[in-house]
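Here the structure is laid out as structure tokens; the discussion comes afterwards.
Remember, it's a predicted structure, so these values are computed and weren't measured experimentally.
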Amino acid sequence: MITIIDYKVGNLGSIVNMLKKLGVKSKLATTMEDINNAEKLILPGVGAFDSGIVNLRNTGLLDTLNKRVLEDKVPVLGICLGAQLMCKKSEEGKEIGLGWFDAEVRKFNFPKESTFKVPHIGWNYTDIAKDSKLFTDMYEDPRFYFVHSYYMKASEKKDILTETAYDFTFTSSLERENIVGVQFHPEKSHKFGMKLLENFVKHY
């Protein structure tokens, strides 16, 4: 059973459907009991950093979530905004993030004449920076679907799981112990995303 944190940010249906294709049951978490009973967690999200963290805080689940993740070491996968919320702060707003990673979220900033547009939308490759169960038996040349204007910048190199080139090389996923955050959308990334979610379910 995968517990998906529902804090009213983004469409959860595509994640639920992808897990269903894998034969994995999922549950939307809206109460402390849901979080306390979780074996594995997914923190999804689409939209702005400040509204995301405020929505998450307003659920009243934050203390329980921090305990489960940081003390009980429950595996958690952050997706897109969910991954960014795992960082300390963002250039997109003024709110303080969860701080699970020593990382900040920064905005893509290219010259007007650049061929690289913001937001970064579409398929892109990932270079795996360290061994991880998340990429066990992954298809060759893994690529995933991105939609974002901001990217994660980690202070500690050991936390960087994958990197992606878009004018410059940016961190596209982070991992430390039981905590993983991916900037891309595995639920929209066909066989690559399905394999990644399968690995999270089986190996964490």
Side-chain angles (χ1 to χ4, degrees), residues 1-7 9-29 38-47 52 69 74-87 100-101 103 105 108 117-152 154 159-166 169-204:
M1 173 73 74
I2 299 293
T3 300
I4 304 169
I5 302 164
D6 183 4
Y7 61 113
V9 178
N11 175 23
L12 308 184
S14 54
I15 299 174
V16 171
N17 288 337
M18 182 69 91
L19 290 171
K20 189 174 180 180
K21 287 181 181 178
L22 290 168
V24 177
K25 292 182 179 180
S26 61
K27 175 183 178 64
L28 299 183
E39 298 174 354
K40 294 181 177 68
L41 292 160
I42 289 180
L43 180 62
V46 175
V69 171
V74 172
V76 58
L77 172 66
I79 296 174
C80 194
L81 177 62
Q84 293 183 359
L85 296 183
M86 293 174 166
C87 301
W100 294 347
F101 290 110
V105 180
F108 285 120
K117 304 301 180 185
V118 180
H120 169 215
I121 300 177
W123 289 83
N124 208 337
Y125 291 93
T126 53
D127 292 322
I128 302 170
K130 65 177 181 179
D131 290 337
S132 170
K133 295 177 289 186
L134 200 66
F135 284 88
T136 300
D137 297 325
M138 178 56 72
Y139 297 100
E140 189 175 353
D141 297 327
R143 52 194 183 275
F144 299 92
Y145 190 80
F146 290 81
V147 183
H148 63 123
S149 299
Y150 294 79
Y151 64 95
M152 301 177 291
D159 288 341
I160 298 173
L161 175 54
T162 66
E163 295 177 312
T164 296
Y166 191 64
T169 298
F170 70 91
T171 297
S172 50
S173 64
L174 296 169
E175 181 175 37
R176 181 171 56 82
E177 297 180 343
N178 56 306
I179 306 168
V180 186
V182 298
Q183 182 60 68
F184 47 81
H185 287 272
E187 77 281 8
K188 297 180 180 179
S189 299
H190 304 309
K191 68 177 184 180
F192 303 100
M194 185 174 288
K195 185 62 179 176
L196 186 142
L197 288 172
E198 180 184 11
N199 285 339
F200 179 69
V201 171
K202 286 186 174 181
H203 300 306
Y204 284 76

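- For the atom pair NZ (Lys133) and NZ (Lys202), the distance works out to 14.5 Å, reported to the nearest 0.5 Å.
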(request) Could you please spell out the steps behind the side chain to side chain contact (heavy atoms under 4.5 Å, CB included) verdict for Ile4 and Leu19? (result) CA-CA 11 Å; Ile4 304 169; Leu19 290 171; 4.1 Å; yes

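- In terms of modelled atom types and a separation under 3.5 Å, the side chain of Thr126 and the main chain of Pro142 share a donor-acceptor contact.
- Here the closest non-hydrogen pair linking Pro119 and Ser149 is CB-OG, 3.2 Å.
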> How far apart are the C-alpha atoms of Phe101 and Thr171, what are their side-chain angles, what is the distance that settles it, and do they pass the side chain to side chain contact (heavy atoms under 4.5 Å, CB included) test?
Replying inline: CA-CA 13 Å; Phe101 290 110; Thr171 297; over 6 Å; no

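- Across every non-hydrogen atom of Glu198 and Leu22, the tightest pair is N-CD1, 3.7 Å.
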Just do the side chain to side chain contact (heavy atoms under 4.5 Å, CB included) check on His185 and Val46 with the steps written out, would you?
-> CA-CA 10 Å; His185 287 272; Val46 175; 4.1 Å; yes

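- Residues satisfying the salt bridge (Lys or Arg N to Asp or Glu O under 4.0 Å) criterion with Lys27, sequence neighbours excluded, are Asp34.
- Heavy atoms from other residues, nucleotides or ligands lying under 6.0 Å from NZ of Lys20 number 12 at most.
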query: Asp127 and Thr169: side chain to side chain contact (heavy atoms under 4.5 Å, CB included), yes or no, with the steps?
result: CA-CA 10 Å; Asp127 292 322; Thr169 298; over 6 Å; no

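- Aromatic rings from Phe108 and Phe170 are positioned such that their centres are separated by under 6.0 Å.
- The distance from atom CD of Gln84 to atom CD1 of Ile79, rounded to the nearest 0.5 Å, is 13.0 Å.
- With values rounded to the nearest 0.5 angstrom, Cys87 atom SG is found 5.5 Å from Met152 atom CE.
- We find the CD1-NZ distance between Ile15 and Lys188 to be 9.5 Å, quoted to the nearest 0.5 Å.
- Counting only heavy atoms from C-beta outward, the side chains of Ser189 and Trp123 approach each other to under 4.5 Å.
- Separation of atoms CE (Met86) and CG (Leu174) is listed at 9.0 Å; rounding is to 0.5 Å.
- Side-chain contact, Thr164 with Ser172: a donor N or O sits under 3.5 Å from an acceptor N or O.
- For the pair Leu196 and Phe135, the minimum side-chain heavy-atom distance is below 4.5 Å.
- Applying the side-chain hydrogen bond (donor to acceptor under 3.5 Å, both in side chains) test to pairs two or more places apart or on separate chains, those with a residue in residues 135-148 are His120-His148.
- Between Leu134 and Val182, some side-chain heavy-atom pair lies under the 4.5 Å cut-off.
- Expressed to the nearest 0.5 Å, how far CG of Leu161 lies from CG of Asp131 amounts to 10.0 Å.
- The side-chain contact (heavy atoms from CB on, under 4.5 Å) test applied to Val74 returns Leu41, Arg68, Asp72, not counting sequence neighbours.
- A heavy-atom distance below 4.5 Å is not found between the side chains of Leu85 and Trp100.
- Tyr204 places no side-chain N or O within 3.5 Å of a backbone atom of Ile179 that could act as its donor or acceptor partner.
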